[in-house]
Every structure is written in structure tokens, then in C-alpha cells.
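Read the structure below first, then the notes.
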Amino acid sequence: MSEFLNGFKRTHTCGALRGSDIGKTVRLVGWVQDYRNLGGFLFIVMRDRYGITQIHVDQASPLFDQASKIRAEWVIGVEGEVISRGTNVNKKLPTGEIEVEARELRIFNRAETTPFAIHDDVDASELLRLKYRYLDLRRPCLNRNIIMRSQITRIIRRVLEANDFLDLETPVLGKSTPEGARDYLVPSRVQPGKFYALPQSPQLFKQLYMVSGFDRYYQIARCFRDEDLRLDRQPEFTQIDMEMSFIEPDDIQNICEEMISTIFKEVLNIDLPRPFKRITWDESMDRFGVDAPDIRFGMELNDITEILRGSECKLFQAVFAEKQPTVRAIAVPASVKLSRKDIESSLCDVAKTYGAKTLIWTKVANGTLDAGIAKQLTDDEKKAIIDLLKPEEGGTILMVADKLNTARNALGRVRKEIAVRNNWVPKNMTKAEDVGLTWVTDFPMFEWSDEDNRWYAMHHPFTSPRSCDWPAFERGELDKVYAQAYDLVLNGIELGGGSIRIHNIDVQKKVFAALGIGDEEARAKFSFLLDALSFGAPPHGGLAFGLDRMVMLLTGADSLRDVIAFPKTNKATDMMTEAPGDVDQKQLDELYIKTVLPDAE
RNA sequence: GGGGCGGUAGUUGAGUUGGUUACAACAACGGCCUGUCACGCCGUAGGUCACGGGUUCGAGUCCCGUCCGCCUCGCCA
């Protein structure tokens with residue numbers, strides 16, 4: 001019942017034929033999207049990666065009996081004549097002017113009834129779709145995402161290679177390094193008890209390529225981080241990894257802008273203004289509350305700490321009793337109708353999710369503040385708030401009073417939530433205004449962890465501080481040291497980030513020391529890097545983009561899973577292969593591995 | 001590790017206060033149909049109510065536990 005191709009080669013794809021092809025004899029191959037048997041004749045709709053074409057078989061045809069048995073998702077070939085559909089043109093299809101009158105029919109394979117229909121408006125659960133991923137990928141919209149992913153990497157390679165970048169590989173079996181994400185480990189058979197780690201990124205290897213003189217490196221590299229998943233986070237993901245020697249931040253940013261704007265032009269036909277916007281980390285945190293700001297709309301944060309410092313209100317007094325107290329506010333325009341319930345339950349929950357104690361609110365009425373917190377404010381305080389925020393009559397003012405980081409972040413998240421709920425920010429980008437691109441520069445070099453009572457590198461331990469902050473670094477004022485680090489942010493999502501690296505061994509040692517990594521530990525973990533820096537390392541720096549996120553944003557997909565062909569679930573399982581799975585005891589024995597599971601109750 | 005939502009026919013969902021034979025649509029199967037393109041019409045078949053306990057005369061429904069999926073906080077240099 002199924003047969004090999006036996007020379008039945010297609011002359012066209014299922015998306016190719018037009019009215020101008022009428023009269024031609026053609027061969028098509030593909031899957032049966034749909035069939036409609038009208039009694040006197042029947043239609044078969046064939047699908048391949050390029051489109052769909054309707055086949056017509058008349059009852060008088062010797063093929064009719066065979067054709068009437070064909071079902072959805074069978075793999076068939078059709079030879080026939082391209083004919084006009086006359087008055088029955090389907091304007092929804094590029095091939096809608098024509099159909100193919102079948103003269104010969106091949107059935108290459110039959111198909112069981114699929115667990116779900118292969119349509120764009122799929123109604124099957126994601127669980128089922130992931131189990132039968134190869135069927136899910138047949139759906140045109142998912143098919144299109146994967147194809148667009150390939151288009152994007154092709155553009156990236158073209159732009160980078162035109163700029164003399166070399167595509168260089170790095171090892172996958174590497175060494176576990178401290179700091180950063182949890183590693184995926186691979187046991188060594190030939191060295192009992194020792195482990196490789198899969199790369200979280202090719203960071204150190206690309207720096208070593210610079211030391212080797214390769215000058216301009218890129219790689220579309222798979223990276224692995226054993227952390228919990230999110231809709232925009234998978235345990236294995238792909239980075240567009242780049243590194244350059246003898247450059248400053250502007251140089252790498254310019255190359256990236258060329259790459260990104262070429263992608264937007266060729267994939268979405270959007271012309272992006274260049275250079276891209278730039279905002280410092282301090283400014284971003286101040287105006288938007290977050291380090292990945294969505295700059296497509298206003299409603300920025302305001303600092304009203306000083307206005308309320310002496311407030312009689314117990315709520316504010318409690319905050320001012322803590323360290324790093326701040327009060328931030330946004331003015332929500334009157335066009336956004338917020339009921340007390342909207343604020344006190346749903347928006348307040350957003351603020352609480354990000355650690356704020358509560359969301360404080362008041363309304364603007366008759367030129368003053370009314371309702372909510374207003375009755376606990378003095379007239380002077382109200383006036384000062386209005387003078388600063390300049391809110392619309394009938395609008396709402398939302399505030400968070402908390403520790404600095406908590407207040408900014410929580411209110412920043414509320415700001416974005418309001419924008420999403422009111423459709424201020426389109427998911428699908430169709431014009432330049434839909435594209436909120438900005439560099440965020442000058443990140444702090446270090447961040448303090450109360451939990452571990454130590455400093456961590458905000459970017460990574462190989463990032464160079466700004467030379468103007470060197471005196472502060474020498475004085476040990478780590479909170480005043482900024483890094484030569486930069487992120488590229490698209491619509492409130494970090495697309496990528498990078499930095500100028502440390503190329504001086506003494507600086508590297510001092511940064512390690514600041515991070516509590518002593519000489520001995522640094523030697524043990526990074527001797528190869530320290531050695532390399534001592535043998536003539538050029539000034540260098542680079543950047544890495546998250547390819548998966550980039551494709552997700554460009555396709556307008558709802559999830560990273562819609563742009564990764566074979567993704568993992570929230571528990572890092574592949575529903576199709578059921579990885580991770582058990583292995584034979586023999587395999588474990590060879591690796592000197594013994595598993596210790598928690599007691600099952 | 002925490003919080004929220006969910007799991008009923010192949011699929012997507014409904015299922016009231018615990019009470020007859022668990023319902024609908026789509027898909028499948030059989031039949032009819034000469035212009036469909038979400039074809040239409042008639043008919044047939046299809047159920048481990050996620051899993052394991054418990055309460056009860058009686059559990060899809062109530063209780064406890066487990067598993068799985070999705071969202072999310074922490075985490076992700």
C-alpha cells in the first residue's frame with residue numbers, strides 16, 4: 001500500500017502554482033491536509049512546507065475509487081494538469097486561482113488518524129502536542145517559526161562573515177566553574193569520580209580565541225543551564241556568541257546593530273533607526289524600575305521619597321525605619337479605568353509577587369488627590385506629588401514604598417502589567433514604533449548578596465570595570481564601581497548582553513579577590529585563563545544574544561517552545577523521547593555512579 | 001523549595017446539592033451528495049472520569065496523598 005518514490009519527482013511545490021501555470025502538466029508531492037468528497041467529484045488538499053494546493057478528481061476518472069479512500073495526513077503524489085478554478089477562486093490561498101486535475105496518483109504512505117488535527121488553530125493540549133512533536137511541527141504556523149529561525153541564523157552568518165568574523169567551535173565537555181548557574185554534569189568513565197560540565201556559555205574559550213589572535217569570533221552555540229524553566233527559558237538554548245579584539249563597546253554595538261537591523265528589515269520589513277537608543281543602568285532603574293525596560297510607552301517612575309520622608313502616615317513611617325527606604329510613584333492616565341478592586345486585588349498582587357508589601361493608590365480629582373491614601377497625606381504633600389507627577393485629572397497614582405530595589409522592581413512590573421492589559425504594547429511587531437530597542441549600559445560591576453554575605457559579579461567575573469571607577473575599586477567601594485557591560489533590550493526582554501573583558505592579569509586577580517575567590521582558588525579553577533592573560537592578551541570584548549528569544553519575539557510566538565523544534569517541559573522532560581530516562585546498572589557501574597534517591601513515602 | 005490553574009470519548013469542553021444508562025461538538029467509521037475550500041445531510045461506533053487510598057447505601061462530584069502539564073516567585077554570573 002505504501003511505495004517508494006520510484007522516480008516520481010515533483011516539478012513544483014504545493015505553494016508554487018498560479019494562474020499563469022494553467023495548462024501545464026505538473027507533479028506535486030506532499031501530505032493530505034484535507035479531503036472533501038462531493039459525490040460527483042472530490043477535492044484533495046495537499047500540503048508541503050511551501051503551501052497548499054487543491055487537487056480535483058472527477059467521478060468519471062479511473063482514479064476516483066482510489067482517491068476516495070485517501071485520508072488526512074497520507075503522503076501522496078499527484079500528476080495532472082493545472083486548470084482554472086473558474087468562478088470558484090479561493091482568495092485566501094496564494095494558489096487559489098488554480099487546481100490540479102489528477103491524472104496519476106501515488107500513495108507513498110498511509111497515516112493513522114492523528115491524535116490532533118494538523119491546523120494552525122490547534123485546540124489540542126500542549127502536552128499532547130509535545131508528545132507528537134513531529135506532527136505539531138507540521139502545522140504551518142510552527143513550521144513557519146522554525147523556517148524563520150533558519151532565515152535568521154542565515155542572516156546572522158552573512159552579516160558577521162561580511163565583517164570578517166570567523167565561525168569557531170568550542171568544546172561541549174568542559175570544566176565546572178564556580179558562580180553562575182547550576183551546571184549539567186557528565187561523568188567521566190576513564191577518570192573515575194571526575195565530571196565534565198556542559199557549557200553555560202563559551203565565555204572563556206572565546207576569550208582564549210582572542211588571546212590566540214583570531215580577532216573576530218562568532219558561533220551559534222548551544223548552552224546548558226540546569227535551572228528551573230519558564231516560558232522564555234529552556235535548559236538547553238542557543239546563543240549567538242561573539243567576541244572581538246581591539247575594540248570598545250561602540251564597536252561591538254555597531255556590528256550588533258547592523259545585524260539586528262538587517263534581521264528586522266529582511267524578516268519583518270521594518271526599517272530601524274540607527275544608532276539604537278542608549279540608556280544607562282542607573283537611568284533605567286530610576287525611570288523604569290527594571291534593567292530591561294520596555295520603552296515603547298511612558299508612565300515612568302517618579303521618586304517621591306523626599307516628599308514623604310516626614311509623613312505622619314504610619315505606612316510610610318514603617319518603611320523609613322528600614323534601610324534604603326524609597327517611595328516611587330507612577331501616574332496612570334485617566335483613560336485607564338482602574339476600580340478599587342483592580343488595584344487592591346489584581347495589581348496589588350503583581351506588586352506583592354515581586355516582594356512589595358503593598359500597592360498604595362490614590363485618585364486625581366478636582367486638581368487634588370482623593371481616595372485611597374489621600375486622607376493620610378497633608379495638603380503640602382499632595383501638592384508636591386501633583387507638581388512632580390503632573391497627573392491627568394481623573395487619573396490614578398500608584399505608589400510602592402519599600403526598600404530601593406523592591407520598590408523600583410515592583411512598581412516597574414506594575415507599570416508593564418498595565419501596559420499589557422490595555423494593549424499599549426503589540427505582541428506582533430509590524431512597524432518601527434512596535435520595536436522598543438535600547439542598549440542598557442554601565443551596569444554595576446558588583447551586587448551584594450545579603451544571603452551569602454558577599455559580593456557577586458553582576459555580569460560575570462571576567463567583566464572589566466570602567467577605568468574611571470578604578471580609584472573607587474582600589475578603595476574597596478565596590479558599590480560605586482560600574483562595569484563596561486551592556487545589554488540589548490527589546491520590548492522589555494533582554495535579547496543579549498556583553499562586556500569588555502579584563503585582559504590584564506592583575507586586574508583579573510583583584511576582581512577575583514573582591515569576589516572572595518582567593519589566589520589559590522583562582523589558580524585551581526582558572527589557571528589557564530590567568531596564564532593566558534599573562535602571555536599577551538589583547539584588549540577584547542564581546543556579546544551574546546539569545547537566539548531563541550530573538551526568534552520568539554520576531555515570530556510573535558507565545559513561548560520559547562514555539563520556536564524550538566524539540567523543547568522540554570517545565571520539569572525539563574522531553575515528552576516525546578521521555579528523556580531523561582533510566583539507564584542500565586552496567587552503564588552506571590562503568591561510570592562509578594551510585595544514585596541516592598530521597599525516601600519515597 | 002513556594003504559590004496559582006488544570007487532567008472526563010481520539011480531541012476540545014460541559015457535567016448542578018453525592019443519586020437512572022456520564023453529555024455535546026469536532027474527529028473516526030458507513031451511506032448520500034457535481035464546486036467545496038471550517039463543504040453539507042443521514043446514521044454507527046467510541047469512556048481505566050490521571051493514579052492510589054478514604055468517607056458513604058451510593059463518588060466524575062467530598063477528603064487525603066501521588067503523578068503529569070501550564071503560569072509564576074525564588075533561581076537563571
Side-chain angles (χ1 to χ4, degrees), chain A residues 33-45 52-60 64 68-69 71-73 83-93 95-96 99 111-132 135 177-183 200-201 203-204 223-235 237 349-356 409-410 413 443-447 449 451 455-463 483 485 494 497 499 511 515 517 544 546 558-559 561 568-573 575 578 600-601:
Chain A
Q33 173 73 50
D34 197 9
Y35 60 93
R36 292 182 285 276
N37 188 337
L38 275 68
F41 58 88
L42 61 82
F43 299 111
I44 296 169
V45 180
I52 64 177
T53 298
Q54 179 165 281
I55 309 299
H56 179 266
V57 183
D58 197 86
Q59 196 169 34
F64 189 82
S68 65
K69 292 187 176 67
R71 292 293 177 267
E73 301 310 319
I83 59 172
S84 168
R85 289 214 205 173
T87 57
N88 300 302
V89 167
N90 184 344
K91 294 201 173 65
K92 286 186 241 169
L93 293 181
T95 62
E99 61 197 11
E112 296 294 325
T113 303
T114 51
F116 52 89
I118 314 297
H119 291 133
D120 273 354
D121 47 351
V122 70
D123 59 359
S125 70
E126 194 162 15
L127 179 72
L128 199 69
R129 292 169 43 206
L130 288 170
K131 184 173 176 186
Y132 299 95
L135 296 180
T177 54
E179 317 261 320
R182 198 174 291 117
D183 286 318
Q200 296 177 28
S201 79
Q203 180 60 36
L204 291 172
C223 305
F224 305 86
R225 295 180 190 174
D226 185 7
E227 297 291 349
D228 287 355
L229 287 81
R230 290 286 189 281
L231 88 143
D232 62 350
R233 219 193 284 163
Q234 283 272 312
F237 59 99
D349 284 349
V350 173
K352 282 180 176 171
T353 297
Y354 292 94
N409 187 40
R413 302 289 184 161
F443 278 66
M445 181 81 187
F446 303 101
E447 69 190 325
S449 164
E451 194 181 331
W455 292 94
Y456 279 94
M458 189 175 253
H459 190 56
H460 58 54
F462 320 108
T463 301
E494 181 196 327
S499 61
V511 169
L515 296 171
I517 302 172
D558 293 318
S559 161
R561 292 185 299 277
K568 306 270 191 294
T569 68
N570 268 351
K571 285 205 164 173
T573 301
M575 293 304 291
E578 295 181 318
E601 289 296 318

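In what follows, chains carry the letters A, B, and so on, assigned in the order in which the sequence lines appear, proteins first and then strands, with residues in each chain numbered from 1. Side chains are part of it too, since the values below use all heavy atoms of this structure and drop only hydrogens, waters and symmetry mates.
In the set B:U72, B:A28, B:C76, the nucleotide with an atom closest to the side chain of A:Arg233 is B:C76. With B:C70, B:U72, B:U34 as the choices, the nucleotide that has an atom nearest any side-chain atom of A:Leu130 turns out to be B:C70. Checking B:U72, B:C37, B:U34 against the side-chain heavy atoms of A:Asn88 singles out B:C37 as nearest. The side chain of A:Ala181 lies closest to B:C76, out of B:G35, B:C76, B:C37. For A:Asn37, the listed nucleotide lying nearest its side chain is B:C33; candidates were B:C73, B:C70, B:C33.
Here A:Lys352 does not reach the OP1 or OP2 of B:C73: none of its side-chain N or O atoms lies under 4.0 Å away. Side-chain N/O atoms of A:Asn570 include none lying less than 4.0 angstrom from OP1 or OP2 on B:G69. Listed pair A:Arg561 / B:C71 meets the phosphate criterion, a side-chain N or O lying under 4.0 Å from OP1 or OP2. In this structure, A:Lys571 reaches the B:C68 phosphate: one of its side-chain N or O atoms is under 4.0 Å from OP1 or OP2. For A:Thr113 and B:A27, the shortest distance from a side-chain N or O to OP1 or OP2 is not below 4.0 Å. Between A:Arg36 and B:U36, a side-chain N or O to OP1/OP2 separation shorter than 4.0 Å is absent. Of the side-chain N and O atoms in A:Arg225, none sit less than 4.0 angstrom from OP1 or OP2 of B:C75. Between A:Arg129 and B:G69 there is no side-chain polar atom (N or O) within less than 4.0 angstrom of OP1 or OP2.
A:Asp34 comes within 4.0 angstrom of sugar-phosphate atoms only, judged by non-hydrogen atoms across all strands, and of no base. Backbone-only engagement by A:Leu127 is indicated by non-hydrogen atom pairs under 4.0 Å involving sugar-phosphate atoms exclusively. Within the nucleic acid shown, A:Pro115 comes within 4.0 Å of sugar-phosphate atoms alone, with no base atom in reach, counting heavy atoms only. Among the protein residues, A:His56 comes within range of the nucleic acid bases, having at least one heavy atom under 4.0 Å from a base atom. No engagement by A:Phe116 is indicated, since no non-hydrogen atom pair under 4.0 Å with the nucleic acid exists. Counting non-hydrogen atoms under 4.0 angstrom, A:Ala117 reaches nothing in the nucleic acid. Nucleic acid contact for A:Ser125: sugar-phosphate only, since backbone atoms but no base atoms lie under 4.0 Å from a heavy atom of the residue. Within the 4.0 angstrom heavy-atom criterion, base atoms lie near A:Glu99. Residue contacts for A:Glu126: at a heavy-atom cut-off of 4.0 Å it reaches the sugar-phosphate backbone alone, with no base atom in range.
With a 3.5 Å ceiling on both atom-pair distances, the Watson-Crick or G-U wobble partner of B:C67 is B:G7. Of the nucleotides present, B:A24 is the one that pairs with B:U12 by Watson-Crick or G-U wobble criteria, both distances under 3.5 Å. Across all strands shown, B:U61 forms no Watson-Crick or G-U wobble pair with both key distances under 3.5 Å. Taking a pair to require two hydrogen-bonding distances under 3.5 Å in either a Watson-Crick or a G-U wobble arrangement, B:C29 pairs with B:G43.
Taking 4.5 Å as the limit, every side-chain heavy atom of A:Asp232 sits out of range of all side-chain heavy atoms of A:Phe237. Contact annotation: the side chain of A:Met575 approaches that of A:Leu127 to within less than 4.5 Å [non-hydrogen atoms, C-beta and beyond]. The shortest side-chain heavy-atom distance between A:His119 and A:Gln33 falls under the 4.5 Å cut-off.
A salt bridge between A:Arg561 and A:Glu126 is present, with a side-chain N of the basic residue lying under 4.0 Å from a carboxylate O of the acidic one.
The base of B:C29 does not come close enough to the side chain of A:Arg71 for any donor and acceptor atom to sit less than 3.5 Å apart. Contact annotation: side chain of A:Gln54 to base of B:U36, donor-acceptor pair present below 3.5 Å.
Using cut-offs of 30° and 60° on the angle between ring planes, the pair A:His56 and A:Phe41 is tilted.
The interatomic distance linking A:Leu93 (CG) with B:C39 (P) rounds to 12 Å, in whole Å. Distance CZ (A:Arg182) to P (B:G1): 10 Å, rounded to an integer number of Å. Atom CD in A:Glu578 sits about 12 Å away from atom C1' in B:C68, given to the nearest Å. Atom CG of A:Leu128 and atom P of B:C68 are 18 Å apart (whole Å). One atom, CG of A:Leu231, and another, P of B:C75, lie 19 Å apart when rounded to the nearest Å. The distance from atom CD of A:Glu227 to atom P of B:G74 is 13 Å, rounded to the nearest whole Å. Summarising the geometry, the separation between OH on A:Tyr35 and P on B:U36 is reported as 19 Å, rounded to the nearest angstrom. Atoms CE (A:Met575) and C1' (B:C70) sit 12 Å apart, rounded to a whole Å.
On the P atoms, B:U12 is 31 Å away from B:G54, given to the nearest whole Å. Atom P of B:G13 sits at a distance of 8 Å from the matching atom of B:G7, rounded to the whole Å. Straight-line distance between the P atoms of B:G19 and B:G1: roughly 38 Å, to the nearest whole Å. Separation of the C1' atoms belonging to B:C70 and B:U61 is 24 Å when rounded to the nearest angstrom. One C1' atom belongs to B:C62, the other to B:G40, and the distance between them is 46 Å to the nearest Å. When the P atom is used for both B:G58 and B:C39, the distance is 49 Å, rounded to whole Å.
The residue among A:Ser84 and A:Phe462 whose nearest nucleotide of RNA chain B is located toward the 5' end is A:Ser84. Where A:Lys568 and A:His460 each meet RNA chain B at their nearest nucleotide, the meeting point lying more 5' is that of A:Lys568.
Applying side chain to side chain contact (heavy atoms under 4.5 Å, CB included) to A:Val45 and the options A:Ile55, A:Leu93, A:Ile52 leaves one that passes, A:Ile52.
Across every non-hydrogen atom of A:Phe64 and A:Asp58, the tightest pair is CD1-O, 3.4 Å. Between A:Arg225 and A:Ser201, the shortest heavy-atom distance links the atoms NH2-CB, 4.2 Å.
The aromatic ring of A:Phe43 sits over the base of B:U36, with ring centres less than 5.5 Å apart and planes tilted by under 30°.
Looking at residues two or more places apart in sequence or on another chain, you find no salt bridge (charged side-chain N to carboxylate O under 4.0 Å, His left out) involving A:Asp121.
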